[in-house]
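One structure below.
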There are 2 protein chains.
Amino acid sequence: MSSFNILQEIAAALESLNRSERKVADVILSDPQAATRSSIAALAKAAQVSEPTVNRFCKRFNTAGFPDFKLNLAQALASGVPYVNRNVEADDTADSYSPKIFEATIASLAYAREKISPAVVNRAVDQLIQAKQILFFGLGASGPVAQDAQHKFFRFNIPVAAYDDVLMQRMVAAASATGDVIVIISYTGRTRELVDIAELARGTGATVIGITAPNSPLARHCTVVLGVEAPEDTDVYMPMTSRIVHLTVIDILATGVTLRRGPDFLRHLKAIKDSLKETRYPIEPLA
Amino acid sequence: MSSFNILQEIAAALESLNRSERKVADVILSDPQAATRSSIAALAKAAQVSEPTVNRFCKRFNTAGFPDFKLNLAQALASGVPYVNRNVEADDTADSYSPKIFEATIASLAYAREKISPAVVNRAVDQLIQAKQILFFGLGASGPVAQDAQHKFFRFNIPVAAYDDVLMQRMVAAASATGDVIVIISYTGRTRELVDIAELARGTGATVIGITAPNSPLARHCTVVLGVEAPEDTDVYMPMTSRIVHLTVIDILATGVTLRRGPDFLRHLKAIKDSLKETRYPIEPLA
DNA sequence: GTCAGTGAGGTAATTTTCTTACATATTTGC
DNA sequence: GCAAATATGTAAGAAAATTACCTCACTGAC
């Protein structure tokens with residue numbers, strides 16, 4: 001447990017720190033790499049505070065002491081997740097906004113990695129593996145996610161379909177039956193139509209898996225909820241990181257199903273993949 | 001310089017170590033995580049050697065001493081590309097394959113972040129901003145990526161369309177003209193049909209932006225190539241990380257276009273977003 | 001076979017680093 | 001403006017790491 005990323009925690013807590021702790025935080029954040037290599041005395045001097053202050057600072061962030069704190073810091077740096085909340089600004093150039101977007105995406109994935117429950121993944125895979133039919137529903141930006149899921153799951157020799165419009169979804173949900181699994185993908189979990197559709201599907205005996213916000217209205221109507229909290233909506237008014245997290249969850253489900261199918265099934269997947277060879281130019285040998 | 005990953009170095013050097021160093025290495029490799037938290041005395045005791053032996057061991061691996069060694073170890077563990085093979089294995093459970101998939105995805109994004117050229121992003125944005133019409137083409141797993149791009153770019157009040165089948169793509173490419181921008185998304189860059197289509201489109205004077213492998217046959221027919229090398233195909237025979245990197249590139253292009261449009265444009269985006277409010281249940285206050 | 005040389009590995013002292021206990025200062029609430 | 005609570009520093013002490021030095025085992029020469 002403890003912290004997912006101590007640097008982010010420090011950055012987040014900046015406001016709530018008192019004067020000397022703030023000085024310590026500033027020094028650490030200005031050069032975290034250097035902080036991992038310095039002694040408590042050196043760091044205290046750089047921040048112009050006493051050594052116990054640094055020590056107290058460390059304990060405040062749930063570490064055993066300074067050495068343990070440095071260890072956490074080192075790991076946070078190595079994890080590749082940036083600690084500053086680097087939102088895109090109006091005056092950013094391609095130099096600055098490109099890495100920011102990669103980093104925001106990475107941060108969301110790292111967050112989701114911590115939050116996702118393997119037990120719930122297992123239950124979702126249990127349902128999928130037994131399904132007579134799998135249906136993926138998504139609207140708006142989640143429409144392509146549903147399509148992508150269909151593109152993965154057709155390989156399993158189960159009837160699969162994806163729907164990205166409300167009327168079709170409603171009709172299909174009404175026509176569903178026990179043994180059908182409907183996977184509903186929704187970032188907010190608050191789209192009225194999808195909540196209705198989930199309810200409708202449950203009424204027919206179908207299983208509903210939600211890839212959506214936990215504790216949302218939609219989540220309450222699902223058999224299994226793969227909850228991914230919405231990290232704050234810092235995007236430029238378009239869904240960005242959420243759909244990527246959703247796709248990764250789809251990957252996890254597909255992997256889970258593949259593994260349950262056992263090693264023989266890999267040959268089947270390979271055959272599908274190889275079927276594309278004809279459509280391609282060969283790989284060119286390096287010069 | 002120094003070590004890319006100290007755990008790998010230790011594992012590699014195992015054979016060339018003498019008796020007591022070997023004992024130390026064994027203890028560390030058997031539980032690297034524990035090693036990062038223990039003192040030199042504890043580790044020495046566990047390995048049944050003296051403290052200076054452990055210290056000498058550390059220096060042998062180009063670290064300043066034991067604390068520095070622990071730091072390196074901690075980073076190696078956190079780097080996500082640890083000494084153990086993080087590929088999904090047949091006997092993985094949800095506990096183990098879920099984080100692995102997140103980590104593989106994160107690693108690809110971190111790699112792409114380093115490889116992408118802001119100058120090329122800029123040129124692509126230049127083209128998109130001037131486009132009379134934007135067309136996104138993708139096949140297979142890239143079909144949903146093209147759909148997603150359409151879903152982002154319709155906000156810019158430029159005619160946008162996405163096509164995921166070869167015949168439509170071919171017809172649309174043939175009918176394109178100067179001022180049209182065609183964005184072709186292809187993981188391998190070796191799909192024959194798409195290479196033909198790119199050539200066809202260039203012949204009509206259209207601009208072709210490729211989100212594909214650099215130096216591929218497709219890349220050679222593009223006006224601008226946003227190259228993302230294919231990290232090796234460790235996936236379970238399905239496209240996974242590649243399409244996520246492509247989506248992130250789409251996000252970057254959309255961000256670039258948004259920024260060029262200037263601050264007034266954000267109001268327009270906000271209006272689009274707000275238009276969805278009616279379709280949703282309100283956010284629930286926390287208990 | 002024994003004796004000097006070499007180096008691995010240990011003991012113990014030293015030094016560095018970290019932590020704790022306690023004293024002083026500063027702020028906050030009344 | 002004073003008491004209580006909180007913040008910060010000083011200094012002593014404990015823990016950890018490093019260094020210096022010593023012993024022992026093995027090697028090879030005579």
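Lettering follows sequence order; numbering is per chain, from 1.
- If you take CZ on B/R22 and CZ on B/F57, they are separated by 10.5 Å, rounding to the nearest 0.5 Å.
- The CZ-P distance, from B/R37 to D/dA15, rounds to 20 Å in whole Å.
- The A/S39 side chain lies nearest to C/dC18 when the options are C/dT20, C/dC18, D/dT18.
- For A/K59, no side-chain nitrogen or oxygen approaches OP1 or OP2 of C/dC18 to under 4.0 Å.
- The two residues B/A35 and B/K70 have their closest heavy-atom pair at O-CD, 3.6 Å.
- None of A/V195, A/T191, A/I185 except one satisfies the side chain to side chain contact (heavy atoms under 4.5 Å, CB included) rule with A/L218; the exception is A/V195.
- A straight line from CD of A/E21 to P of D/dG9 spans 11 Å, rounded to a whole angstrom.
- Distance, A/D68 CG to D/dA15 P: 17 Å, rounded to whole Å.
- Under 4.0 angstrom from either OP1 or OP2 of D/dT6 there lies no side-chain N or O belonging to A/N18.
- Take the nearest nucleotide of DNA chain D for B/R19 and for B/G65: the residue whose nucleotide is more 5' is B/G65.
- Per the geometry, CZ belonging to A/F57 stands 20 Å off P belonging to D/dT6, to the nearest Å.
- The minimum heavy-atom distance between B/D148 and A/A141, with the atom names listed, is OD1-O, 4.2 Å.
- Remark: C1' of C/dT19 and CZ of A/F69 are 16 Å apart, rounded to the nearest angstrom.
- The separation between A/I40 atom CD1 and C/dT20 atom C1' is 12 Å, rounded to whole Å.
- What separates NZ of A/K45 from P of D/dG9 is a distance of 15 Å, to the nearest Å.
- Contact annotation: the side chain of B/L71 approaches that of A/L71 to within less than 4.5 Å [non-hydrogen atoms, C-beta and beyond].
- The side-chain hydrogen bond (donor to acceptor under 3.5 Å, both in side chains) pairs that include a residue from residues 33-43 of chain B are A/D68-B/R37, where partners are two or more places apart or lie in different chains.
- Rounded to a whole Å, the CG atom of A/N55 is 6 Å from the C1' atom of C/dT19.
- What you find for A/I252 and B/S98 is that their closest heavy atoms are CG2-OG, 3.6 Å.
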Between the protein and nucleotides 10-14 of chain C, list the N/O to N/O atom pairs that are separated by less than 3.5 angstrom.
unit_1, atom_1, unit_2, atom_2, d
C/dG10, OP2, B/S50, N, 3.2
C/dG10, OP2, B/S50, OG, 3.0
C/dG10, OP2, B/T53, OG1, 2.8
C/dG10, N7, B/R56, NH2, 3.1
C/dG10, O6, B/R56, NH1, 3.4

